Amino acid sequence: MSIEKIVEQALGDGYLTPSMEAEVGRICNTASELSIEEYMALDRLMGALLTGEVVVLPRKQFINVMEELVLSEAIARVAEIEENSEQSLDVGDIAAYALNRLPPLYATTEEGAQFQRSRAKEELQILISNQIKAAIERNLNRAAQNQTVLGKASTGDTVLSQVSALLQTYAQNYERTIS
């Protein structure tokens, strides 16, 4: 969207959204030189902002407390596993898997976040733990499957058959047998 269109929309709506503001900033930062029309549009916008004809909508900060709780527990569990074995786990994959199966707990203030934290610890801690456990098991199973596919070739196996097995694992129905 051009600066002129953004300004027209802001004047028509009476407000400038954070995304509109970001787009104007992006255009100004990437353009080597602005046109006279763009400068005039920016001047109109500045005047409208100064008179109150257009107001800037505030950016709202949202906190998803569930992310904090899941990440903390996932990091602790992964650290235990990696300390006691030679397994290497991806904390990001584990957290994403668990978060996709848990309710979000958004807050806009620190007081709201504290409320959500205490609520989650009382009501959802078992569910959080179970989802992280399931995510870790899935991650370990996937790692074991990869090791099986890429394991040592038994007698008679060739590199080609190992590549074929790898393709079958990751891209099922990819390789067709020629008759």
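What you see is a predicted model; the values in this text were computed from it and never measured.
Hydrophobic clustering, with ILVMFWY side chains joined whenever heavy atoms are under 4.5 angstrom apart, groups Leu49 together with Ile6. Hydrophobic clustering keeps Val24 apart from Leu57 (ILVMFWY residues linked when any side-chain heavy atoms are closer than 4.5 Å, directly or through intermediates). Note: the hydrophobic cluster containing Leu69 also contains Ile75 (ILVMFWY, side chain heavy atoms under 4.5 Å, direct or indirect links). The hydrophobic clustering, which links ILVMFWY residues whose side-chain heavy atoms are closer than 4.5 Å, places Ile94 and Tyr97 apart. Transitive grouping of hydrophobic side chains (ILVMFWY, heavy atoms separated by less than 4.5 Å) brings Ile3 and Val56 into a common cluster.
Counting all heavy atoms, side chain and backbone alike, Asn139 lies closest to Leu89 at OD1-CD2, 3.2 Å. Residues Ala107 and Gly112 approach most closely at CB-C, 3.5 Å, considering heavy atoms. Contact detail for Ala95 and Leu71: the closest heavy-atom pair is CB-CD2, 3.9 Å. Contact record, Pro18 with Pro58: CG-O, 4.2 Å, taken as the closest heavy-atom pair. Between Pro103 and Leu124, the shortest heavy-atom distance links the atoms CG-CD1, 4.2 Å.
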Chi angles and distances behind the side chain to side chain contact (heavy atoms under 4.5 Å, CB included) call for Ile27, Met1: CA-CA 9 Å; Ile27 293 169; Met1 191 181 280; over 6 Å; no
Pair Phe62-Thr108, side chain to side chain contact (heavy atoms under 4.5 Å, CB included): steps then yes or no: CA-CA 5 Å; Phe62 298 98; Thr108 58; 3.7 Å; yes
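Arg142 has a carboxylate O that lies under 4.0 Å from a charged side-chain N of Asp93, or vice versa, which qualifies the two as a salt bridge. Residues Glu23 and Arg26 are paired through a salt bridge, judged by an N-O separation under 4.0 Å between the basic side chain and the carboxylate.
Within the 4.5 Å cutoff, no side-chain heavy atoms of Leu127 are placed close to those of Arg101. Counting heavy atoms from C-beta outward, Ser35 and Glu4 have side chains that approach closer than 4.5 Å. Under the 4.5 Å side-chain criterion, counting only non-hydrogen atoms from C-beta, Val70 is in contact with Ile132.
A donor-acceptor pair under 3.5 Å links the side-chain atoms of Asn64 to the main chain of Met66, judged by distance alone. A side-chain donor-acceptor contact under 3.5 Å links Thr51 to the backbone of Ala48. Using modelled atom types, one side-chain atom of Asn84 and one backbone atom of Glu80 make a donor-acceptor pair closer than 3.5 Å.
Each of Gln131, Gln125, Lys133 was scored for a side chain to side chain contact (heavy atoms under 4.5 Å, CB included) with Ser129, with one residue passing: Gln125.
For the atom pair CG (Leu140) and OG (Ser85), the distance works out to 7.5 Å, reported to the nearest 0.5 Å. Atom OG of Ser2 sits about 7.5 Å away from atom CD of Glu38, to the nearest 0.5 Å. Note: Ile128 CD1 to Glu123 CD = 10.5 Å, rounded to the nearest 0.5 Å. Distance CG/Leu45 to CD/Gln9: 11.5 Å, rounded to 0.5 Å.
Figure legend: Arg117 and Phe115 shown without cation-pi pairing, the cationic atom not lying both under 6.0 angstrom from the six-membered ring centre and within 45 degrees of its axis.
For Ile126, the CD1 atom sits in a loose shell: 12 or fewer heavy atoms of surrounding residues, nucleotides or ligands are nearer than 6.0 Å.
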